[in-house]
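Written out below as structure tokens is the structure these notes cover.
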Amino acid sequence: MVHTFSAWNDTIVALATPPGIGAIGVIRLSGENSIIIADALFKGKDLLLQASHTLHVGILKNDNEELDEVVVSLYKAPKSYTGENIVEISCHGSPFIQQQIIAACIQKGARLAKPGEFTQRAFLNGKMDLTQAEAVADVIAAHSLAAQQTALKQLRGGFSSDLKELRDQLIGFAALIELELDFSQEDVEFANRSQLEQLIATLRESTTQLMHSFKLGNSIKNGVSVAIIGKPNAGKSTLLNALLNEERAIVSEIAGTTRDTIEEVLNINGVLFRLVDTAGIREHSADHIENLGIERSRQNAAKADIIIHLTDLTDKDQSGITWLRQYGEKVIEVYNKNDQVSPENLHANASGGGPAPGIYISAKNKEGIETLKSVMYERAIGETIKTENTIVTNARHYAALKKVLECLNDIKAGMDNNLTGDLLAPDIRRCLYYLGEITGQVEADRDILGTIFGKFCIGK
């Protein structure tokens, strides 16, 4: 594995558990001098003589000042998370004690770690590739079962294995193409063109499937944004409360009660839906504040993954909000207050002599809510989530896969036009580069790594 820069030789220290008062806190050191620094503070036994992957109870002292009674865990290189010597000090969960221990470690030669620096060192030392390193942050940030399972699969190298298989197959043919260039004067072909065509077709199909999984992956990782849009008194706030099964929004008969957006989170089958209750939409209002809320409703509709267009069945004007038509398939038509309308009037209110297509509910009585949830899930996910399959959740990976597919299309076009190996080779090299960029098998740019690991918490 080649990188722009190698791992540092210094020793870093940071609090690995969340800041604040707790039962215990864990302070982590990584680097060549980790055990030496810990041994200088630890009283009871010589840590330098102890085996890797062992625990030791004792007192930490800085000079003559007793800091805490602790448990010290030793992990010697290369069999550690970072590939370096690691010491983890489990102390009492007092922020004061934790800061005293960190300060003592710095005094003995360590420096405070930057965000994500432990995982960055693991990557630079070849303990994991870049997709696995990014999965560490996703596991920490997982807010649902689906997000957790997807991130764990990537952490275990599932996505990396798929990419490695694609890259290894292409490398074999690339080597033969490059060999042809060395014998260009003899006009020989080492690479079987029909097999290469079959390989490119397979790679294009696999890459396309991975790219298509990104919509699902993005929903799993970031949640699905749902805007509830409707006229005043359509029952938007009542619907929000019914979906959440709690009284979150104020419900009133007075039109325009909801002036600003209310955001809440709903978990449906392991996927988070971010619900946005918006201000009621009406054509004309003299209230400046209400108009600001209406404009924000329009903005939320534009940004949402799903729009619930809520219509009041008791409203004589069933024209709805016409500008929502531009959003097409992401709009779910929902008709509220069906408990207040007789079947005869329901047919009369709908155009064409029958009920308009959509979901009929009573938000007040919580009728039809489970049906609505099922439709929301199907519209967002489309299928049962199979976390054993590789699902792309990272926008950086999606962008690189898009470039891979472009290169594969260029290779196919070149082969269709019977281009020689010297003209196919640059596109194959580019394809290999973008595949390697995802996992870090090619040179990793310092700025890219800084952006990736800068999102981590300190101590990870």
Side-chain angles (χ1 to χ4, degrees), residues 10-48 50-77 79-122 127-128 133-145 147-148 151-152 155 265 453-460:
D10 59 352
T11 298
I12 55 176
V13 63
L15 179 66
T17 46
I21 297 175
I24 62 169
V26 177
I27 294 163
R28 174 184 285 172
L29 294 109
S30 180
E32 185 177 353
N33 294 326
S34 294
I35 300 176
I36 295 174
I37 291 172
D39 184 65
L41 300 172
F42 189 78
K43 307 306 174 186
K45 63 177 70 171
D46 189 343
L47 294 179
L48 298 173
Q50 308 307 313
S52 180
H53 293 71
T54 55
L55 304 177
H56 309 278
V57 179
I59 303 296
L60 285 189
K61 284 187 176 182
N62 187 18
D63 297 329
N64 293 322
E65 182 183 0
E66 187 172 305
L67 301 177
D68 195 14
E69 183 177 14
V70 301
V71 177
V72 173
S73 309
L74 301 180
Y75 306 93
K76 294 186 177 180
K79 295 182 179 181
S80 72
Y81 178 72
T82 62
E84 305 171 335
N85 289 335
I86 282 186
V87 175
E88 291 185 349
I89 302 172
S90 299
C91 62
H92 288 96
S94 159
F96 175 73
I97 291 174
Q98 294 163 8
Q99 289 305 314
Q100 274 194 314
I101 295 173
I102 291 173
C105 291
I106 292 173
Q107 183 182 329
K108 297 299 181 183
R111 70 167 172 82
L112 195 62
K114 299 174 183 177
E117 192 168 355
F118 290 91
T119 304
Q120 187 169 0
R121 289 190 175 203
K127 301 298 290 185
M128 61 179 66
E134 289 169 302
V136 172
D138 290 343
V139 170
I140 294 171
H143 44 51
S144 67
L145 178 61
Q148 175 209 31
L152 283 174
L155 182 60
V265 176
F453 292 105
K455 297 176 182 177
F456 281 61
C457 54
I458 293 175
K460 190 57 184 174

(message) For a side chain to side chain contact (heavy atoms under 4.5 Å, CB included) check, start with the C-alpha distance between Leu60 and Cys91, then their side-chain angles and the critical distance, and finish with the verdict.
(response) CA-CA 9 Å; Leu60 285 189; Cys91 62; over 6 Å; no

(request) Indicate the atoms forming the closest heavy-atom contact of Tyr75 with Ser80, along with that distance. (result) CB-CB, 3.9 Å

(message) I want to check something: taking the side chain as every heavy atom from C-beta on, are Gln100 and Glu65 in contact at a cut-off of under 4.5 Å?
(response) yes

(request) Would you give the length of the straight line joining atom CG of Asp10 to atom CZ of Arg111, rounded to the nearest 0.5 angstrom? (result) 4.0 Å

(request) Could you please spell out the steps behind the side chain to side chain contact (heavy atoms under 4.5 Å, CB included) verdict for Leu67 and Ile97? (result) CA-CA 7 Å; Leu67 301 177; Ile97 291 174; 5.7 Å; no

(request) Any chance you could measure Leu74, atom CG, to Thr54, atom OG1, to the nearest 0.5 Å? (result) 4.5 Å

(request) Run the numbers on Ile24 and Thr17 for side chain to side chain contact (heavy atoms under 4.5 Å, CB included), then give the verdict. (result) CA-CA 9 Å; Ile24 62 169; Thr17 46; 5.9 Å; no

(request) Can you see which heavy atom on Ala14 is nearest to which on Ile102, and at what distance? (result) C-CD1, 4.4 Å

(request) For residues Asp63 and Gln107, report the shortest heavy-atom separation together with the two atoms involved. (result) OD2-NE2, 4.0 Å

(message) Just so I know, are the side chains of Phe118 and Glu84 near enough to count as touching, which here means a heavy-atom distance under 4.5 Å?
(response) no

(request) Return yes when atom CD1 of Ile59 has more than 12 non-hydrogen atoms of other residues, nucleotides or ligands closer than 6.0 Å, and no otherwise. (result) yes

(request) Determine the minimum heavy-atom distance between Gln98 and Leu15, stating which atoms define it. (result) OE1-CD2, 3.5 Å

(request) Check whether any side-chain heavy atom of Lys127 sits under 4.5 Å from a side-chain heavy atom of Thr82, and report yes or no. (result) no

(message) Quick check on side-chain contact (heavy atoms from CB on, under 4.5 Å): which of Leu55, Ile86, Val87, Val26 does Ser73 satisfy it with?
(response) Leu55

(request) Rounded to the nearest 0.5 Å, what's the gap from CG on Leu47 to CG on Asp39? Could you check? (result) 4.5 Å

(request) State whether the side chain of Ser34 and the backbone N or O of Gly31 hold a donor-acceptor pair below 3.5 Å, judged by distance alone. (result) yes

(request) Dump the intermediate steps for side-chain hydrogen bond (donor to acceptor under 3.5 Å, both in side chains) on Lys45 and His56, then the final yes or no. (result) CA-CA 8 Å; Lys45 63 177 70 171; His56 309 278; 3.3 Å; yes

(request) Verify the neighbour count for atom CD of Glu32: are there more than 12 heavy atoms of other residues, nucleotides or ligands below 6.0 Å? (result) no

(request) Hey, could you give me the OG1/CD1 distance between Thr11 and Ile36, rounded to the nearest 0.5 Å? (result) 8.0 Å

(request) Please confirm whether the backbone N or O of Leu48 pairs with a side-chain atom of Asp46, one donor and one acceptor, at under 3.5 Å? (result) yes

(request) Could you tell me which non-hydrogen atom of Leu29 sits nearest to which non-hydrogen atom of Ala110, and how far apart they are? (result) CD2-CB, 4.3 Å

(message) In the structure I gave you, are the side-chain heavy atoms of Ile12 and Arg121 within less than 4.5 Å of one another anywhere?
(response) yes

(request) For a side-chain contact (heavy atoms from CB on, under 4.5 Å) with Val13, tell me which candidate from Ile106, Ile101, Ile89 qualifies. (result) Ile106

